[in-house]
Amino acid sequence: MMKDNVENKVGVDAMNVKFSARDVQVYYGDNHAIKDVNVDILDKTVTAFIGPSGCGKSTFLRSLNRMNDTIPICRVEGDILLDGEDINAPQVDPVQLRAKVGMVFQKPNPFPKSIYDNIAYGPRIHGLARNKAELDEIVEKSLRRGAIWDEVKDRLDAPGTGLSGGQQQRLCIARAVATEPEVLLMDEPCSALDPIATAQVEELIDELKASYSVVIVTHSMQQAARVSQKTAFFHLGNLVEYDDTTTIFTNPRDTRTESYITGRIG
Amino acid sequence: MSPLILLAIVLALTVAGYVMGRQRAVGSVDDVRKLHSLPNFYGMNVAMLAFVPAVLLLAIWVIVQPLVVAGQVRGDIPDTLYETRGELSLVMSDVQRVASGLDTAIAQGVLAPGDIEGLDATTVRDTLGGVGVALGSDVSEEVLAAALDYRATSNTGDWVRTVVVLVVAVAGFLYAYLGTSGTLRARNRVETGILILLITAALIAILTTLGIVLSLLFNTIEFFGLYPADEFFFGTTWSPSFGGGSQLGILPLLWGTLYISLIALAVAVPIGLFAAIYLSEYASSKVRSIAKPMLEVLAGIPTIVYGLFALLTVGPLLVGIFGDGGILGVGWMQGGTAVMTAGLVMGIMLIPFVSSLSDDIINAVPQAMRDGSYGLGATQSETIRQVVMPAALPGIVGAILLAASRAIGETMIVVLGAGAAARLSLNPFDAMTTVTAKIVSQLTGDADFASPEALVAFSLGMTLFVVTLALNVLALYIVRKYREQYE
């Protein structure tokens with residue numbers, strides 16, 4: 001009999017584990033959205049979550065930085081360890097956690113402020129800069145990492161909402177890296193972008209992997225294959241298979257994974 | 001024929017038109033599906049053309065005929081009977097009373113229709129008194145003659161009206177009925193008819209506003225003919241005296257209006273805004289579903305009740321604190337009616353106004369904006385202060401300006417809570433009064449309507465209208481300019 005979930009053991013170097021999830025359950029009211037998920041997410045690696053719509057990959061992603069706390073009916077059970085510490089423990093401040101685990105959303109959501117203030121928002125809240133010069137430095141560094149500095153350096157006072165969709169999304173990525181997170185969660189960051197902007201964001205993700213652990217939810221299997229080293233396939237709330245991306249796409253062990261990547265279910 | 005009977009005939013024709021038009025259309029083809037439109041549309045087309053032009057004409061005729069007849073009869077009245085326009089209108093109302101009294105007398109059988117011509121002016125008052133129409137004085141020959149003329153002209157008009165309306169109704173009916181065939185685009189015609197109906201409704205609303213403004217405007221111009229405009233706008237004393245020699249400076253009233261509105265907004269804006277933030281951002285849906293309707297109950301309280309609250313509760317309370325021998329022992333307040341009393345109560349009245357509008361606006365800020373902020377590790381209040389509020393600000397400013405124009409136009413709370421003394425003072429515990437309250441006091445009572453003391457009410461109203469209009473336009477401008485800055 002085939003098991004619904006892979007066991008934890010994919011031969012992972014324990015030193016390199018960033019997130020470690022054990023028996024995670026997520027409920028929306030009575031709806032059991034995530035069932036018994038066990039997964040180890042590695043540092044300095046891009047991990048892709050793939051699966052059909054409604055399979056729970058975004059829900060699981062949002063439980064990694066406790067964004068699900070903002071949804072009143074949502075309940076998370078099981079252990080999620082970040083560097084060995086339970087993020088759902090009572091002494092953990094979700095606000096501090098989210099500063100460490102940054103997030104980029106599906107739709108670009110720049111604040112109705114200037115480009116500069118968008119980037120400076122996080123550092124200001126967390127007091128990362130001692131003076132204006134340091135803040136300027138953080139803003140420039142973040143915009144450079146977001147690969148958007150050259151396009152906006154002459155109009156930092158212009159509203160962030162006036163940028164094009166692709167620029168807005170890179171601005172949001174720059175905003176997320178400005179708080180110096182350790183992990184970057186991306187929830188379908190390219191679904192609202194055209195192919196050129198998508199290529200720019202993908203290139204950016206590839207660069208970010210040098211410093212961060214990046215987790216990306218995507219509907220595009222090509223994208224998962226292009227940008228990630230590890231891939232997790234979710235189906236109906238179960239984590240069906242988790243392995244090296246090349247293995248998942250060339251030699252999947254589970255028939256459901258194979259059906260999905262060859263386009264027979266989804 | 002009375003207009004009601006005429007209307008009934010036209011309605012009958014309409015119903016018949018519907019049935020017949022539908023039948024003619026159905027009968028004109030062998031298969032109902034070959035008709036251009038559904039059968040009902042053909043019926044509606046005939047009904048519409050039979051009903052609308054005729055009834056419209058009837059409505060206009062009913063309104064215009066008395067004006068035309070009165071204008072004509074006015075020419076019959078000799079100059080000797082009146083000196084001023086006011087007296088002429090008194091004579092005219094006598095004429096109309098006698099004319100309608102004669103109608104009543106004939107209807108009750110006291111007079112035969114033939115008797116009318118031979119009536120003696122001296123007995124008319126008694127005759128009409130017998131049928132319950134009381135006249136203030138004896139009827140003169142001239143008035144009787146004019147009344148007879150009035151009746152005759154009206155009767156002729158009524159007959160012409162009956163004929164014309166029926167002709168128009170039948171003509172519309174025949175035009176539409178005979179034009180009905182399977183290829184007639186009845187559906188499109190009905191669509192046009194509906195469009196015209198909607199446009200008419202919109203026009204009536206706009207024209208009424210225009211009419212109100214014009215009636216204010218003419219009286220205002222008349223006022224400025226009697227009283228110099230610069231003294232009105234820049235005068236610092238308000239002391240109307242109906243004996244003449246009034247000083248009608250608007251400044252003390254405008255000052256009172258602005259001062260009270262300012263205090264009201266100082267109360268309503270923070271409380272309303274904070275309530276809105278709590279309700280939209282922090283409250284659970286359970287609390288919200290109870291608290292929001294309760295807050296909106298405040299908006300349903302008639303302002304006169306707020307006025308009573310100001311007069312009976314808030315005023316004495318404030319005197320107990322700030323008055324002579326009060327808790328603070330400062331003696332700033334002489335009586336219960338003061339700017340502060342009215343301002344506080346008006347502020348309470350405006351809370352639901354501000355909170356309800358702001359709540360909607362805050363809710364309209366996309367959740368993505370909040371998620372973005374939470375995702376960066378911001379707390380809830382940081383998110384509200386730095387992301388939600390800036391995004392919602394244009395709408396909130398609009399809400400505040402709308403509340404301000406309500407405060408400026410408020411009357412009952414001021415009448416009962418602020419006193420009646422027009423003065424320029426900085427002390428919020430002094431009694432003052434506002435533009436609206438003075439409009440009431442200038443027009444109630446038996447003032448001569450042609451005197452500047454009464455006409456000033458219209459120019460006060462006009463000034464107030466311009467001020468609130470400017471505020472509303474500013475509010476709309478701000479809301480439109482900054483709306484959808486975020487997606």
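All values below were derived from every heavy atom in this structure, side-chain atoms included, with hydrogens, water molecules and symmetry-related copies excluded.
Atom CD of A:Glu77 is surrounded by more than 12 heavy atoms from other residues, nucleotides or ligands within 6.0 Å. Heavy atoms from other residues, nucleotides or ligands lying under 6.0 Å from CD of B:Glu191 number 12 at most. Surrounding NZ of A:Lys113 are more than 12 heavy atoms belonging to other residues, nucleotides or ligands, all under 6.0 Å away. Open room surrounds CD on A:Glu85; 12 or fewer heavy atoms of other groups in view lie less than 6.0 Å from it. Residue B:Leu198 places its CG atom among more than 12 non-hydrogen atoms of other residues, nucleotides or ligands, all under 6.0 Å distant. Heavy atoms of other residues, nucleotides or ligands lying less than 6.0 angstrom from OH of B:Tyr282 number more than 12. In B:Arg187, the CZ atom is not crowded: 12 or fewer heavy atoms of neighbouring residues, nucleotides or ligands sit closer than 6.0 Å.
When B:Gln367, B:Gln380, B:Glu382, B:Arg370 are compared by the number of non-hydrogen pairs under 4.5 Å with chain A, B:Glu382 comes out ahead. With chain A as partner, the option from B:Ala378, B:Ser285, B:Ser284 having the largest number of non-hydrogen pairs under 4.5 angstrom is B:Ala378. Of all the listed residues (A:Arg62, A:His126, A:Gln96, A:Met103), the one sharing the greatest number of non-hydrogen pairs under 4.5 Å with chain B is A:His126.
To the nearest 0.5 Å, atoms CD (A:Gln106) and CG (B:Asp371) are separated by 11.5 Å.
Side-chain atoms of A:Asn109 come within 3.5 Å of backbone N or O of B:Ala368 as a donor-acceptor pair. Looking only at distances, no side-chain donor or acceptor of A:Lys100 sits under 3.5 Å from a matching main-chain atom of B:Gly377.
Proximity of A:Phe111 to B:Leu376: side-chain heavy atoms (C-beta onward) are separated by under 4.5 Å at one or more points. In this structure the side chain of A:Asp69 never reaches within 4.5 angstrom of the side chain of B:Tyr374, judged on heavy atoms. Using a 4.5 Å cut-off on side-chain heavy atoms (C-beta onward), A:Arg124 and B:Gln386 make no contact. At least one side-chain heavy atom of A:Pro112 sits under 4.5 Å from a side-chain heavy atom of B:Met369.
The part of A:Val101 that comes within reach of chain B is its backbone (N, CA, C, O), which places non-hydrogen atoms under 4.5 angstrom from that chain.
A search for side-chain contact (heavy atoms from CB on, under 4.5 Å) contacts involving B:Ile408 returns B:Thr257, B:Ser261, B:Leu464, B:Val467, B:Thr468, B:Leu471, not counting sequence neighbours.
Contact record, B:Gly372 with A:Phe105: CA-CE1, 3.6 Å, taken as the closest heavy-atom pair.
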